[in-house]
There are 2 protein chains.
Amino acid sequence: MSGEELATAGHPQMVRQRLRLWLKLLKATKLVEATIRERLREEYDTTLPRFDVLAALYRFDEGLKMSELSAALRVSNGNVTGIVERLALDGLVLRVPVEGDKRATLVRLSKKGRDRFSVLADAHAGWVGAILEDLPPSDCERMIAILDAVGHSPKLTGKVSKEND
Amino acid sequence: MSGEELATAGHPQMVRQRLRLWLKLLKATKLVEATIRERLREEYDTTLPRFDVLAALYRFDEGLKMSELSAALRVSNGNVTGIVERLALDGLVLRVPVEGDKRATLVRLSKKGRDRFSVLADAHAGWVGAILEDLPPSDCERMIAILDAVGHSPKLTGKVSKEND
DNA sequence: GCATGAAATTTCATGCTTGAAATTATTGGA
DNA sequence: TCCAATAATTTCAAGCATGAAATTTCATGC
């Protein structure tokens, strides 16, 4: 397996084009992300990681275990610990013990958290809709299809990629 | 200007599609980025921010001032201070005083830094080429064009976006 | 000359992120 | 039973990232 990426070195202009695409992809994504982070901060005094946690929990009324949450967000366990800690201080999430397993904790949205998230989610959707306003639906669709293919590439960090998106 | 993003709320399915695209874009980008970070760490014991700084400096033999560097990378001044500090400890960059302005510092690659970066850049290009291996050149080209349009959207954080990419 | 405002940079507090180590609890054999 | 492996989580140190405040230097008008 080692050195396998050099196999494509025989097509230098293709590699160059893909590199160009990657750099543009990264740049565009970071630009949009920075915009969203800034608005979350300025208009709602919150952050993207907190929003992500709320979004994940919003889909599960019963709540999620810490490990399920970190798996859903694809971040480390330790990371989620801190974010949930801060959300709990704000009263947006609740940590309830799991019946019959003293190790685990279930995290779920409080009423306040649910209300808060629905406001944030609306704003977020509006921002994204506006940022991508000039993108023709056909381009949008095309890009979604291409990205699906990229996401399912087997070259990414061993196996990966369930069918959920 | 306020509430302008709600103007598109009249096309809910378009907003939904754009939101879908954004989530996929973010997911795919993060996946590729995570792969690159992991390999930089495991195979070269370095990080993406360090790589980015080296890459920026590589294009300027004369070096860049700290402020030029942070502008080029679109990150804060304070951020660059720390990264350059660590690169200097590794002997990869040099900080030289600017003739006639005791406030400013010029940062440039050392010989070691230049050699190091050319190795890293090759590996990086190989990884990206391999990850996007299955992407047909036509899709690649199409996507580059679409992303250019997105990047030039006026809705992104006030003005923005020089012609460089 | 000299004060005052602007410019270049660093420092700082806060938060996010990781991977590794530590902690506590559960489980399944010997 | 009990003990070793596993599982769920937290803690920790390091680094990255930000925006705000502080520092030093420069430039300009008076």
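We use all heavy atoms of the structure for the numbers below, so side chains are in, but hydrogens, waters and symmetry mates are not. Note on naming: letters A, B, ... go to the chains in the order of the sequence lines (proteins, then strands), and numbering restarts at 1 for each one.
- Checking B/G78 against A/G78, the closest nucleotide of DNA chain D that is more toward the 5' end is the one next to A/G78.
- At distances below 3.5 Å, not a single donor-acceptor pair connects side-chain atoms of A/T105 with backbone N or O atoms of A/P97.
- Between B/K111 and B/D115 there is a salt bridge, since a side-chain N of the basic residue sits under 4.0 Å from a carboxylate O of the acidic one.
- The CG atom of A/N79 sits 4.0 Å away from atom CD1 of A/I83, with the distance rounded to the nearest 0.5 Å.
- Among D/dT10, D/dT24, C/dA25, the nucleotide with an atom closest to any side-chain atom of A/M66 is D/dT10.
- Under the Watson-Crick and G-U wobble criteria, each requiring two contacts below 3.5 Å, nucleotide D/dC30 is paired to C/dG1.
- Rounded to whole angstrom, the span from the CG atom of B/L106 across to the P atom of C/dT9 amounts to 9 Å.
- Using a distance-only test at 3.5 Å, with no hydrogens or angles considered, no donor-acceptor pair links the side chain of A/S70 to the main chain of A/V80.
- Of the candidate nucleotides D/dT9, D/dT25, D/dG19, D/dT9 has the atom nearest to the side chain of A/K65.
- When rounded to the nearest whole Å, the span between CZ of A/R103 and C1' of D/dA5 equals 12 Å.
- Here the C1' atom of nucleotide C/dA25 and the NZ atom of A/K102 are 8 Å apart, to the nearest Å.
- Nearest nucleotide to the side chain of A/N77, out of C/dT18, D/dT10, C/dT9: D/dT10.
- DNA chain D is contacted by no residue of residues 46-56 of chain A, taking any non-hydrogen atom closer than 4.0 Å.
- For A/A104, whose side chain is taken as the heavy atoms from C-beta onward, the closest listed nucleotide among C/dT26, C/dA7, D/dA8 is D/dA8.
- The CG atom of A/L40 sits 16 Å away from the C1' atom of D/dA17 (whole-angstrom rounding).
- If you measure from atom CG of B/L69 to atom C1' of C/dA8, you get 13 Å, rounded to the nearest angstrom.
- Look at CG on A/L87: it is 8 Å from P on C/dC16, rounded to the nearest Å.
- Between B/T81 and C/dT10 there is a side-chain N or O to OP1 or OP2 distance below 4.0 Å.
- Comparing A/G100 and A/R86 against DNA chain C, the residue whose closest nucleotide sits nearer the 5' end is A/R86.
- Within the 4.0 Å cut-off from OP1 or OP2 of D/dT9, at least one side-chain nitrogen or oxygen of A/S67 is found.
- Here the side chain of B/K27 pairs no donor or acceptor atom with the backbone of A/L147 at under 3.5 angstrom.
- Comparing A/N79 and B/T105, the nucleotide of DNA chain C nearest to each residue sits closer to the 5' end for B/T105.
- The phosphate of C/dG19 (OP1 or OP2) has a side-chain N or O of B/R41 nearer than 4.0 angstrom.
- Remark: A/E85 engages A/R95 in a salt bridge, criterion side-chain N to carboxylate O under 4.0 Å.
- With rounding to whole Å, B/K30 atom NZ is found 14 Å from C/dT18 atom C1'.
- Side chain of A/R18 to backbone of B/E133: a donor-acceptor contact under 3.5 angstrom is found.
- Between the side chain of A/R108 and the backbone N or O of A/E62 there is at least one donor-acceptor pair closer than 3.5 Å.
- In this entry the distance linking CD of A/E85 with C1' of D/dT9 reads 13 Å, nearest Å.
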